Amino acid sequence: MITVAQVIVDVAAYPVDRPFDYLVPAEMTQIIETGCRVKVPFGPRNVLGFVVAIKNETDVPIEKIKPVSQVLDIEPVLTGEMLELAKWLKNETICYEIDALQVMLPSALRAKYEKIANLQTEVELLPEPLQEIFRDSQQINVNVFEKNNLLPQLKAAIKNKQVSIANVVKQKGKVKEVRKVRIIEDNQMLADIQANISNRAKKQKQLVEWMQLHAGEIMDPEVIYKELETSAQVLNAVVDLGAADFVQEEVYRDPFTKEIKRTNFLNLTDEQSVALDQIMNSIEEQEPKTFLLQGVTGSGKTEVYLQTIAKVLNDGKEAIVLVPEISLTPQMTERFRSRFGELVAVMHSGLSVGEKYDEWRKIHQGKVKVVVGARSAVFAPFENVGIIILDEEHESTYKQEDSPRYHARDVAIWRSKYHNCPVILGSATPSLESFARAKKNVYTLLTLKERALKQSLPKVQIVDMRDELKKGNRSMFSQSLMESIQIRLDKKEQIVLFLNRRGYSSFVMCRDCGTVLQCENCDISLTYHRKNEKCKCHYCGYEIHVPKTCPQCQSDHIRYFGTGTQKVEEELAKFFPGIRVLRMDVDTTRAKGSHEQLLEAFGNGEADVLLGTQMIAKGLDYPNITLVGVLSADTSLHLPDFRAAEKTFQLLTQVSGRAGRHEKPGEVVVQTYTPEHYAIELSEAQEYDPFYEREMQMRHQAGYPPYYYLALIQVSHEDVLMAADYAGKAVEWLRSQLSFNVSIIGPTASGISRLQNRYRYQCLIKYKVEPDLIPTLLQLIKIYRSDWIKKGINLTVDLDPNMI
DNA sequence: AGCACGCCGACT
DNA sequence: GTCGGCGTGCTC
């Protein structure tokens, strides 16, 4: 009988996006399992692959089939659930199956390939320069030749059959191990050994005597040295006598640095209890229900999560908690760690590759029961999931921007059906899509209207900056904000000032002609980096030194513009001498961990004002913050995005919620040039429903989600005309295939019309129901992959896109 | 995707 | 005659 493994190979391309059959050699049949990674020959090279099935027959002609060269995992790295999920993702997001599989694993388990040159003759027979390199070793990485400009010589040697090239799959992800001492269990034997030690070896005798108290234990040598004031020499001698031996033990790199204090359940409000009861009931009944937990800021959503998780753990199941990347602050993770201690793993982008791998292994090996992490943690390899929680459900970071373009919410719901467990989507300002589904009873709505400690929501005051201008106030602060700041300073309370800007980026502009330094390859301005006085493109990596004069008008009035935070800081210092400001932007948060340090310093009262962009809006929870100022509420309103109003409202509600979360009442001052806009007007009352109704009307009129679904097709090419032409062709073809109630808008130039020297066009598909959409798109992709791709066209499909 | 194979023009 | 350009097609 033969054993055949079906393998998805690590080659992201359309013609090979299917399983390939490989023969399993007899010695591997006991080890190989579905979900294992394997090394296989694929054409002329070796690649990594995932075993998706094992069977006993094959349709492939016997002369074609090759054997698996190596099994990389003793235990499978992917569960059956993951393999199924990958197939679903492939369909749902139109991606390669290999991409779907890879996204579920930490990058440490993905393959790294190296080309190795093997020496086939005597070194002396090689040309001079090559001899040099092959002197130390017969096998040399090809990039060594590249670095020394010896590629032509290497090529010649290959031709002469003096050297051969092999592709080697390197496995990343080293398990970190430490050497420990294992004391033998047999106490009698220890006593015998001790008796035989010469009286001159006092230290050894002492050590073995002490070991009798710790028979069978495994310990750190350092602990022994300290305990007995001894050294490695003595220990080695004792090990030689057979009283103990050295063992290698796996360790996890610990991303937590601080000690944690255990905390207990808080008392719940009536609203919280009602919500919790419903969720508990669903867990009990094993219903894959999706709850939308809508709670005003400070209403204690987290406490509901924590108690739900406690229940799940009690049932012997596991919990997944997703948090947007930027709110994955120590403050947030500590709440989970303090409740569940060592049972919690944390996953976020701040961890090193090794740390991520370690956290993943803790989950995989069942050492932890709770994972708190960003988007990709939704793939945590638990096998008995009891609850999945998405906090701040409306955040756009839950959607991955590149292939596989999945939404963590959709994956969570898929997994909940697989495990028959509920999902909780939590937010103060749910996405319109989720709220609409809750209204249609697709999700179950749970509402928390009151703050947990019954504090009133902060008073929001909207200030029209146009009036300030008329009054002759040309500063960044309105009269009213200045007064409020002064009051807090007098009362020694804290202030958060918020600049509504995206990210931390800054740019270089000529003050005479207004030219902003642009990337040569992309249609986007360069980002200024202070550390090396360079300007860099975040999309393609293009980099130049900051020029002395303007490239357009030769003026030397060229200046670096920050996010505006420096300017705000300067003005603050002018108006309020002695004010202590903590600024959070590119320059102050570059180093790893500086973000946390700044927040901690602010929490300790080392500053009066915390000043920053979006990043500070999330998760800040300090009792002494009583004033929040939004310096310009409208900047996010004018973005070319149909969600601009929604995002602005969410942001204003979010930042307002930072004030007065504890005993002291809070106040919010929102400065704007368009106070009449409903997103700003309605944020004053901080009530979600009126905003929802209003925004739904707008979406209905314009034909956007949740009334319509969207799909975005992007076409790019080095040549503008080609890009436009083929975008047109795609649109034309889609129009001919899809029904009349689907509207296809475009093609139009994309927001960033040129990226990495490629011109980009896009078209938007709006549809309510169109069962043929995915098959049609797949067919379009087929046309593209079989024909257009050769002409240098690039085409991508994003279902349910974030930005358009 | 990546790599070999294969068919045609320009060189020692 | 041979070297190397890149169009074509396959990968268990």
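Note that this is a predicted model, so its numbers are computed, not measured. Proteins come first, then strands; the chains are lettered A, B, ... in the order of their sequence lines, and each starts at number 1.
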Pairing of A:Glu359 and A:Lys362 as salt bridge, 4.0 angstrom limit = yes
May I ask you to decide if the ring planes of A:Phe642 and A:Tyr704 are parallel, tilted or perpendicular, using 30° and 60° as cut-offs?
-> parallel
On a heavy-atom basis, the closest approach of A:Glu395 and A:Pro324 is CG-CG, 3.4 Å
Does the pair A:Asp800/A:Arg409 count as a salt bridge with the N-to-O cut at 4.0 Å?
-> no
Does the side chain of A:Asp798 come under 3.5 Å of the side chain of A:Gln714 through a donor N or O and an acceptor N or O?
-> no
Produce the list of close N/O pairs, under 3.5 Å, pairing protein atoms with atoms of nucleotides 7-12 of chain C; give distances to one decimal.
residue: C:dT11; atom: OP1; partner: A:Lys64; partner atom: NZ; Å: 2.9
residue: C:dT11; atom: O3'; partner: A:Gly43; partner atom: N; Å: 3.0
residue: C:dC12; atom: OP1; partner: A:Tyr22; partner atom: OH; Å: 3.2
residue: C:dC12; atom: OP1; partner: A:Pro41; partner atom: O; Å: 3.2
residue: C:dC12; atom: OP2; partner: A:Gly43; partner atom: N; Å: 3.4
residue: C:dC12; atom: OP2; partner: A:Lys66; partner atom: NZ; Å: 2.4
residue: C:dC12; atom: O3'; partner: A:Asp21; partner atom: O; Å: 2.7
residue: C:dC12; atom: O3'; partner: A:Lys66; partner atom: N; Å: 2.6
residue: C:dC12; atom: O3'; partner: A:Lys66; partner atom: O; Å: 3.4
residue: C:dC12; atom: O2; partner: A:Asp21; partner atom: N; Å: 2.9
residue: C:dC12; atom: N4; partner: A:Arg18; partner atom: NH2; Å: 3.3

First and last nt of DNA chain B near chain A, cut-off under 4.0 Å to heavy atoms, 5' to 3', are B:dA1 to B:dC3
Indicate whether the side chain of A:Asn118 and that of A:Gln139 have a donor and an acceptor atom separated by less than 3.5 Å.
-> yes
Any pair counted as salt bridge (Lys or Arg N to Asp or Glu O under 4.0 Å), so long as it reaches residues 18-35 of chain A, sequence neighbours left out | A:Asp21-A:Lys55
